[in-house]
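The next block holds one structure in the form of structure tokens; read it before the comments.
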Amino acid sequence: MRTSTRRSRRLGAIAVVAALATGLLAGCSSDPDDSSSDDNGGSGKGKTTLTVGTFGVFGYKQAGLYDEYTKLHPDITIKENVTTRTDVYWPKTLTRLQAGSGTDDIQAIEVGNVTEAVQTQADKFVDLGKEVDKSQFLPWKVAQATTKDGKTIALGTDIGPMAICYRKDLFEKAGLETDRAKLAEQWKGDWAKYVALGKDYMKKAPSGTKFVDSASSVYNAALGGESERYYDKDGNVIWDKSTGVKKSWNAAMTVATSNMSAKLKQFDPTWDQGFAKGSFATVACPAWMMGYIQEKSGDSGKGKWDVAAAPTAANWGGSFIGVPVAGKHQKEAIALAKWLTAPEQQAKVFAKQASFPSTPSAYSTLTPAAATTEYFSNAPITQIFGDSAKTIPVQYFGTKDQPINTAISDVGILQVEQKGKSPDQGWNAAKAEIKDVLGQ
Amino acid sequence: MTSSKQALAHPATSADAAPGSQPGAARGAQGRGTPPQDPGSWRSRMYRWDMKASPYAFIAPFFIVFGAFGLVPLLYTAWYSLHNVQLSGLDHQTWAGLDNYKNLLSSEFFWNALGNTFTIGVISTVPQLLMAIGIAHLLNYRLRGSTVWRVVMLTPYATSVAAATLVFTLLYSWDGGMINWLLHFVGVDPINWRESDWGGQFAVSSIVIWRWTGYNALIYLAAMQAIPTDLYESAALDGAGRWQQFRHVTIPMLRPTILFTVVVSTIGATQLFGEPLLFGGVSGSKGGSAHQYQTLGLYMYDQGWNIGNLGKASAIAWTMFLILLIIAAINLLITRRLRKSQ
């Protein structure tokens, strides 16, 4: 008797729990259906809402492109989901892509992650190569987003051609050349020459200022001009044999072991303060950095900054946008992705945000915002970055490019620069770190 | 703690004394008037059903949520930890057996993280609890505006980790930070807090201490106010001063509370994550360039989300879980010993 009541009680409990659970699950599963029937009205009268997943500032909203597109296509509204940091954005996007749900209709991909996406997520993206004229993009940009069997998973947005942004006023006080053409001539061809100029700067440096913000920014800038990075074109890791890494490391070590660095970590709040206080005279300056400088340096830096060509043509950063197969409105999303990456639209983003186009046909039409030109002492920005963009070498990336780069700049270089370790010790620390990254 | 446990123990003993009867049923019958006479009728069956099932229905939400967001991920993590899984290839899992764990035990970064978790835990928990007791003792005096003081004590706890850490990061910045500026008055050269080995750990602990001291102080204060005042009066009659009262009355009476806060703080210290991550700034999950303040939580995050090695990250998660179980076991032993000694 006793056992039987126990059992019935247990059964009752299970029944209740099961009922509640199914109720909850039903509540969950009915949700997306409802919402999709609401906005999945491509054929009907309802509006289609397209979502664009980005990180940082893409400039589409800022340049008014979404509003413009909605005006051209009244049945479409666009919502941008911004995740500020790439290191948060990318893992999230990876898991959603593989789960096949929760992705935005358009997902942005950073250049450091694009190889991983090409090699591991190609089947999760629509082949955009069939939708556009690929020849309008820079060939190396298309190659980075294309699989071995020719599927282009994403379209290039901006690129990061390199220049050097420098404080004209500080250079003058330190008794250096201030003319941008002559300066470019002084360090042309080798980042070591740029670093050598730093030693001259430090001899008469205005008090409280250093030549450069950090050793790792010199490393990243120099590496951006090398064809050999961490991987060869077959996808083998070659980081410890790579000539590009070695040259860039040496340039960075000269900075780290001298007193010419302000020892700041890029994108830290203290780095922002460094811009505001004017505590360093130069910064390796991919096109997208100009917006950042204007924002952080503020009015006090207006007209004091100038731009000169970098020692070598280099690329640092830049992104892609792709259309996930899992998206609900593929056709509309493809149309929007094509439109956003077309030369005319890229030129509009450049005018607003100084993000440099990946479509060469836009270069002749580029006009930077008047405020930007004024801020950077009327430097011929378009020409400087355009020249760099055209001669950037083809670079091969690998699946673990980001973590390897972090290991070198935020462990190896930082230990030398801020902890006073020797370059050998720094290199070994980076080596141990990379072994851990590669699971060796 | 002990008193509440005793209170809990009472219904159980009464149930043991009368094995056949169900205390719940009796109470229910009183509350709802006479139960229906005919045991076979629909109403009575509904009634019996209600009696038996309702309690389960009421507690079910917690267990369902726990099952979905606690148990399933826990088991899934265990499964992952026995496989090679990359973040970019969740559907390509290959069996690895205990490789991930072996890997971990031979990794210098793991031992470093374990050591850091321990040292940061000690240098944040010990001063934090000592200060909390002291502050609680002071707050226990008759004070004007005592509520204000108590609310102020709780404000750091209510502040978000992100906001607090950001402020501390600026205070500790080596170039132009306020702490180095203050130190220069006493002739100390600027310290690069973030990159120095002990400086980083010290800075992280200070954020933890700042956030949690008030919280613990309020717990102590609540326990102190439950101490009968006649104990103090008789101690005073025996000629005990303030300090002696504190040592011989307050501390012994607080012992269960102290044990509770020690356990909670230890668990918190083992899981320490937000403060060192944000203090490290960009790529903060490394915990400084030499991993000086990389805790186990950060190591797991770095492996899983930055490097994308989910198998190894899962193994770290389970190792952390085992460590917490060991801590719980040690706590149980100490509690038993303490109870025996009383």
Side-chain angles (χ1 to χ4, degrees), chain A residues 5 8-9 12-17 19-21 24 85 87-88 90-92 94-95 97-99 116-117 119-121 262-271 273-274 277 279 399-400 402-403 406-407 409-421 426 429 432-433 436-439, chain B residues 20 48-49 51-61 63-65 67-68 84 86-92 100 103 107-110 166 169-170 173-177 192 194-197 280-286 288-292 301-312:
Chain A
T5 52
S8 71
R9 201 187 294 169
I14 291 170
V16 169
V17 169
L20 265 170
L24 273 177
R85 287 174 59 165
D87 55 349
V88 178
W90 184 239
K92 190 169 75 183
L94 270 183
T95 46
L97 281 173
Q98 294 173 79
E116 188 177 16
Q119 289 183 7
T120 65
Q121 313 296 318
K263 299 187 184 183
L264 298 166
K265 222 168 157 185
Q266 291 203 319
F267 301 102
D268 255 358
T270 46
W271 188 56
Q273 285 183 341
K277 287 191 292 190
S279 55
T399 47
K400 298 274 185 191
Q402 289 278 51
T406 308
S409 34
D410 290 350
V411 172
I413 295 176
L414 211 61
Q415 284 199 10
V416 179
E417 186 176 33
Q418 300 206 8
K419 286 177 76 77
K421 298 271 175 74
E433 193 81 25
D436 195 47
V437 167
L438 299 172
Chain B
R48 281 207 342 245
W49 228 90
M51 284 311 308
K52 285 171 190 162
S54 306
Y56 292 101
F58 292 141
I59 59 166
F63 285 96
I64 291 171
V65 172
N84 284 322
Q86 291 291 311
L87 183 61
S88 56
L90 292 174
D91 35 3
H92 306 291
N100 282 325
N103 223 319
S107 156
E108 52 170 318
F109 298 119
F110 170 74
L166 189 70
T169 308
L170 290 176
S173 77
W174 75 274
D175 180 24
N192 189 345
R194 195 152 75 178
E195 289 308 324
S196 83
D197 291 338
V282 179
S283 70
S285 60
K286 298 270 180 232
S289 64
H291 302 242
Q292 315 87 307
Y301 182 82
D302 195 38
Q303 283 292 330
W305 300 111
N306 289 340
I307 297 175
N309 197 343
L310 281 188
K312 196 167 169 188

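Labels below follow one simple rule: chain letters A, B, ... track the order of the sequence lines, proteins then strands, and each chain is numbered from 1.
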| task | Go through B/N306 and A/Q402 one step at a time and tell me if the side-chain hydrogen bond (donor to acceptor under 3.5 Å, both in side chains) criterion holds. | result | CA-CA 8 Å; B/N306 289 340; A/Q402 289 278 51; over 6 Å; no
Checked A/L94, A/I413, A/D436 vs chain B; the most non-hydrogen pairs under 4.5 Å come from A/D436
CZ of B/R194 to CG of A/D268, rounded to nearest 0.5 Å, is 4.0 Å
Okay, B/D197 and chain A: the region with an atom under 4.5 Å from a heavy atom over there is both
side-chain contact (heavy atoms from CB on, under 4.5 Å) test vs B/N192 passes for just one of A/K419, A/Q418, A/K263, namely A/Q418
Distance col, row B/I307:CD1 vs A/L438:CG, nearest 0.5 angstrom, shows 9.0 Å
Do A/K265 and B/S283 come close enough that some side-chain heavy atom pair is under 4.5 Å? yes
So, the part of B/I59 with a heavy atom under 4.5 Å from chain A: the answer is neither
Are the side chains of B/F109 and A/E433 in contact, using a 4.5 Å heavy-atom criterion?
yes
Between the OH atom in B/Y301 and the CG atom in A/D87, the distance rounded to the nearest 0.5 Å is 5.5 Å
When the 4.5 angstrom heavy-atom criterion is applied to B/S285 and chain A, the contacting part is neither
Counting heavy-atom pairs under 4.5 Å with chain B, the top scorer among A/G439, A/A432, A/P269, A/A429 is A/A432
Quiz item: Any side-chain heavy atom of B/V282 within less than 4.5 Å of one from A/Q266?
Solution: no
Applying a strict 4.5 Å limit to non-hydrogen atoms, the region of A/A99 in contact with chain B is neither
Closest non-hydrogen contact found for B/E195 with A/L414 is OE2-CD2, 3.5 Å
Whatever's closer than 4.5 Å to a heavy atom in chain B on A/E116 counts as side chain
Honestly, the part of A/Q273 sitting under 4.5 Å from a heavy atom of chain B is side chain
Ranked by heavy-atom pairs below 4.5 Å to chain A, first place among B/D91, B/L90, B/N84 goes to B/L90
Cut-off 4.5 Å, heavy atoms of chain A, and the answer for B/H92 is neither
Output for pair (A/D410 CG, B/K286 NZ), nearest 0.5 Å, gives 8.0 Å
